[in-house]
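Right, one structure below, let's go through it.
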Amino acid sequence: MNLYPLKFKPILKERLWGGTKLKEVLNKPIDSDITGESWELSGVQGDISEVSNGDLAGTSLQNLVDDQGKALLGKSVVERFGNDFPILIKFIDAKQDLSIQLHPNDALAKERHNSFGKTEMWYIMDADPGAKLIVGFNKDVEKEEYVKSIEEGTLTDLMNYEEVGEGDTFFINTGKIHAIGAGVLLAEIQQTSDITYRVFDFNRRDKDGNLRELHTCLAVDAIDYEKKDDFKVDYPKQHDKVNGMVDCPYFKTNFLELSKSMKQNLTDRDSFTIYMCVGGSGTINNDWGSAPIKKGETVLVSASSSYVEIDTEGAKLLEVTI
């Protein structure tokens with residue numbers, strides 16, 4: 001099979017906290033004023049991505065994985081994850097604050113939900129002046145103190161707030177309490193999992209007047225209560241170079257700011273490669289073809305590609321592998 005660079009139809013999700021930046025900034029095909037997420041590349045059951053370009057248009061990502069596992073994903077990836085696509089790629093627009101939440105680790109998620117945990121990272125693409133994230137606690141917290149804050153509605157007093165701007169990057173390991181703040185547009189890279197423990201939702205009600213479900217009891221034993229400053233990613237930003245950002249057991253992400261074309265030999269990379277365009281535009285080429293890419297788009301390059309060439313006169317890309 002000719003595994004040319006693949007693009008996928010965005011899976012658009014309305015959210016209580018969503019807005020219009022996915023349409024206005026990233027040109028997603030949206031009519032709603034509360035679209036919060038664009039799932040760019042998903043193997044989550046019920047939300048499987050579908051190819052949008054070339055001869056394979058209309059083919060589901062799962063069918064591609066089933067038919068072309070090692071060629072698409074890489075031998076080592078198949079050995080670890082079988083026929084499950086291991087990465088979930090999103091763009092997120094928060095018009096309002098998201099709920100304060102956290103994700104369980106692999107062991108707890110397997111025991112409780114027969115799922116992977118959810119380690120993730122965020123790259124800030126756009127932020128209104130003064131926009132913030134919640135990442136972790138502002139001090140070491142005892143479990144009893146946390147439970148009391150939930151009961152009394154004072155959890156926000158224990159949170160650590162980080163003002164953000166374009167290019168800021170955060171690594172959110174499992175157990176870390178967090179929330180995306182109002183006015184933030186970001187790219188998210190995460191393990192394939194939709195397991196979230198929501199612990200505080202600012203007492204908001206949905207369109208039917210209902211409070212959203214909280215996962216207070218499940219969260220208590222999943223939280224890391226220690227104050228840690230391990231979340232802000234300090235990464236190089238050399239032009240026309242591959243700049244390492246995050247290297248964890250679940251994904252590796254590099255930052256590329258290109259003013260000219262770049263070609264990489266992939267013969268020793270036993271993994272698929274994902275490109276998320278967070279600025280500018282270009283064309284992704286491999287052995288079998290090419291695909292244009294612009295800000296707000298995502299392209300998947302197969303593990304069987306011997307090379308990838310990015311033709312551009314100006315682009316910012318996140319490069320994701322396993």
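- Asp287 places a side-chain N or O within 3.5 Å of a backbone atom of Ser306 that can act as its donor or acceptor partner.
- Residues Leu22 and Ser38 approach most closely at CD1-N, 3.9 Å, considering heavy atoms.
- Residues Ile92 and Leu88 do not share a hydrophobic cluster, defined by chaining ILVMFWY side chains whose heavy atoms lie under 4.5 Å apart.
- Remark: Arg204 does not engage Asp97 in a salt bridge, criterion side-chain N to carboxylate O under 4.0 Å.
- With hydrophobic clusters built from ILVMFWY side chains whose heavy atoms lie under 4.5 angstrom apart, Ile293 shares a cluster with Met262.
- Ion pair Lys28/Glu40 flagged as a salt bridge, since at least one NZ, NE, NH1 or NH2 atom sits closer than 4.0 Å to an Asp/Glu carboxylate oxygen.
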**OP:** Any chance you could lay out the side-chain hydrogen bond (donor to acceptor under 3.5 Å, both in side chains) test for Gln238 and Asp240, step after step, and finish with the verdict?
**Re:** CA-CA 7 Å; Gln238 296 184 68; Asp240 303 310; over 6 Å; no

Subject >> Thr216/Val199 under side-chain contact (heavy atoms from CB on, under 4.5 Å): CA gap, chis, key distance, verdict >> reply: CA-CA 5 Å; Thr216 308; Val199 297; 5.7 Å; no

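- Leu155 CG to Ile134 CD1: the interatomic distance, rounded to the nearest 0.5 Å, is 7.5 Å.
- Residues Asp33 and Thr20 have side chains that never bring a donor and an acceptor to within less than 3.5 angstrom of each other.
- Of the N and O atoms on the side chains of Thr119 and Gln191, at least one donor lies less than 3.5 Å from an acceptor on the other residue.
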Subject >> Thr35 and Glu37: CA distance, side-chain angles, deciding distance, side-chain hydrogen bond (donor to acceptor under 3.5 Å, both in side chains) verdict >> reply: CA-CA 6 Å; Thr35 302; Glu37 302 185 14; over 6 Å; no

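- Under a 3.5 Å cut-off, the side chain of Asn2 and the backbone N or O of Tyr4 do not form any donor-acceptor pair.
- Judged by distance alone, with hydrogens and angles left aside, the side-chain atoms of Glu297 form a donor-acceptor pair with the main-chain N or O of Lys294 at under 3.5 Å.
- Salt bridge annotation for Glu309-Lys263: absent, with no cationic side-chain nitrogen under 4.0 angstrom from a carboxylate oxygen.
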Original post:
Step by step, would you call Leu266 with Val301 a side-chain contact (heavy atoms from CB on, under 4.5 Å)?
Top reply: CA-CA 10 Å; Leu266 301 184; Val301 175; 4.2 Å; yes

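- Scanning all heavy atoms of the two residues, the minimum distance from Ile180 to Ala94 falls at CG2-CB, 3.9 Å.
- Distance alone, capped at 3.5 Å, is enough to place a donor-acceptor pair between the Lys21 side chain and the Gly183 backbone.
- No more than 12 heavy atoms of other residues, nucleotides or ligands lie within 6.0 Å of CG in Asp234, so this atom counts as exposed by the packing criterion.
- Centroid-to-centroid, the aromatic rings of Tyr123 and Phe170 stay 6.0 Å apart or farther.
- For the pair Tyr146 and Ala219, the tightest heavy-atom approach, listed with the atom from each and the gap, is OH-CB, 4.3 Å.
- Counting only distance, with no hydrogens or angles, the side chain of Ser193 and the backbone of Ile195 share a donor-acceptor pair below 3.5 Å.
- Taking CG of Leu72 as the start and CG of Leu64 as the end, the distance is 6.0 Å to the nearest 0.5 Å.
- Remark: Thr196 OG1 to Leu218 CG distance equals 11.5 Å, nearest 0.5 Å.
- The aromatic ring centroids of Tyr250 and Phe116 lie 6.0 Å or more from each other.
- The distance from the CG atom of Asn105 to the CD atom of Glu111 is 9.5 Å, given to the nearest 0.5 Å.
- Remark: the backbone N or O of Phe255 is paired with a side-chain donor or acceptor of Asn243 at under 3.5 angstrom.
- Looking at Ser42, its side chain never comes within 3.5 Å of a backbone N or O of Trp39 through a donor-acceptor pair.
- Residues Asn53 and Ala291 share a closest heavy-atom pair of ND2-CB, 3.9 Å.
- When the shell of 6.0 Å around CG of Asp47 is examined, it contains more than 12 heavy atoms from other residues, nucleotides or ligands.
- Of the possible donor and acceptor atoms, none in the side chain of Thr312 sits under 3.5 Å from a partner among the backbone N and O of Lys260.
- A salt bridge links Lys139 with Glu145: the distance from a Lys NZ or Arg NE/NH1/NH2 to an Asp or Glu carboxylate oxygen falls below 4.0 Å.
- Taking a cutoff of 4.0 Å between a charged side-chain nitrogen and a carboxylate oxygen, Arg212 and Asp201 qualify as a salt bridge.
- Rounded to the nearest 0.5 angstrom, Ser290 OG and Ile310 CD1 are separated by 13.0 Å.
- Using a 4.0 Å cut-off between charged side-chain N and carboxylate O, Asp93 and Lys23 make no salt bridge.
- No more than 12 heavy-atom neighbours from other residues, nucleotides or ligands sit within 6.0 angstrom of NZ on Lys9.
- Of the N and O atoms on the side chains of Asp66 and Asn83, at least one donor lies less than 3.5 Å from an acceptor on the other residue.
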**OP:** Determine, step by step, whether Ser305 and Asn286 satisfy the side-chain hydrogen bond (donor to acceptor under 3.5 Å, both in side chains) criterion, reporting the C-alpha distance in whole Å, the side-chain angles of both residues, the deciding distance to 0.1 Å, and the verdict.
**Re:** CA-CA 6 Å; Ser305 305; Asn286 75 348; 2.9 Å; yes

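- Ring geometry, His178 versus Trp122: the interplanar angle exceeds 60°, so the pair is classed perpendicular (tilted spans 30 to 60°).
- Side chain of Asp106 to main chain of Ser115: no donor-acceptor pair is present (N/O by atom type, distance under 3.5 Å, no hydrogens or angles).
- Linking ILVMFWY side-chain heavy atoms closer than 4.5 Å, directly or via other members, places Met121 and Ile124 in two distinct hydrophobic clusters.
- Here Arg269 pairs with Glu319 in a salt bridge; the nearest charged N to carboxylate O distance falls below 4.0 Å.
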**OP:** For the pair Lys148 and Thr154, evaluate side-chain contact (heavy atoms from CB on, under 4.5 Å) and give the outcome as yes or no after the intermediate values.
**Re:** CA-CA 8 Å; Lys148 183 178 180 182; Thr154 58; over 6 Å; no

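- There is no path of hydrophobic side-chain contacts, each under 4.5 Å, that joins Tyr307 to Val242.
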**OP:** Given side-chain hydrogen bond (donor to acceptor under 3.5 Å, both in side chains), test Ser99 with Gln101 step by step and report yes or no.
**Re:** CA-CA 6 Å; Ser99 62; Gln101 58 188 244; 3.0 Å; yes

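- Nearest heavy-atom pair across Gly43 and Thr192 is C-CG2, 4.3 Å.
- Between Asp140 atom CG and Lys227 atom NZ the span is 8.0 Å, to the nearest 0.5 Å.
- Note on Lys316 versus Glu166: salt bridge recorded, some NZ/NE/NH1/NH2 to OD/OE distance being below 4.0 Å.
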**OP:** Begin from the C-alpha positions of Val299 and Leu6 and carry the test side-chain contact (heavy atoms from CB on, under 4.5 Å) through to its verdict.
**Re:** CA-CA 5 Å; Val299 168; Leu6 298 166; 6.0 Å; no

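- A single hydrophobic cluster is seen to contain both Val77 and Ile48, as judged by linkage of ILVMFWY side chains at heavy-atom distances under 4.5 Å, directly or through other members.
- Judged by the 6.0 Å and 45° rule, Lys95 forms no cation-pi pair with Trp17.
- Ring-centre distance between His113 and Tyr197: below the 6.0 Å cut-off.
- At distances below 3.5 Å, at least one donor-acceptor pair connects side-chain atoms of Asp270 with backbone N or O atoms of Lys75.
- Within the 4.5 Å cutoff, side-chain heavy atoms of Leu300 are placed close to those of Leu41.
- The shortest non-hydrogen separation linking Gly130 to Glu163 is CA-OE2, 3.7 Å.
- Glu142 CD: 12 or fewer foreign heavy atoms inside a 6.0 Å radius.
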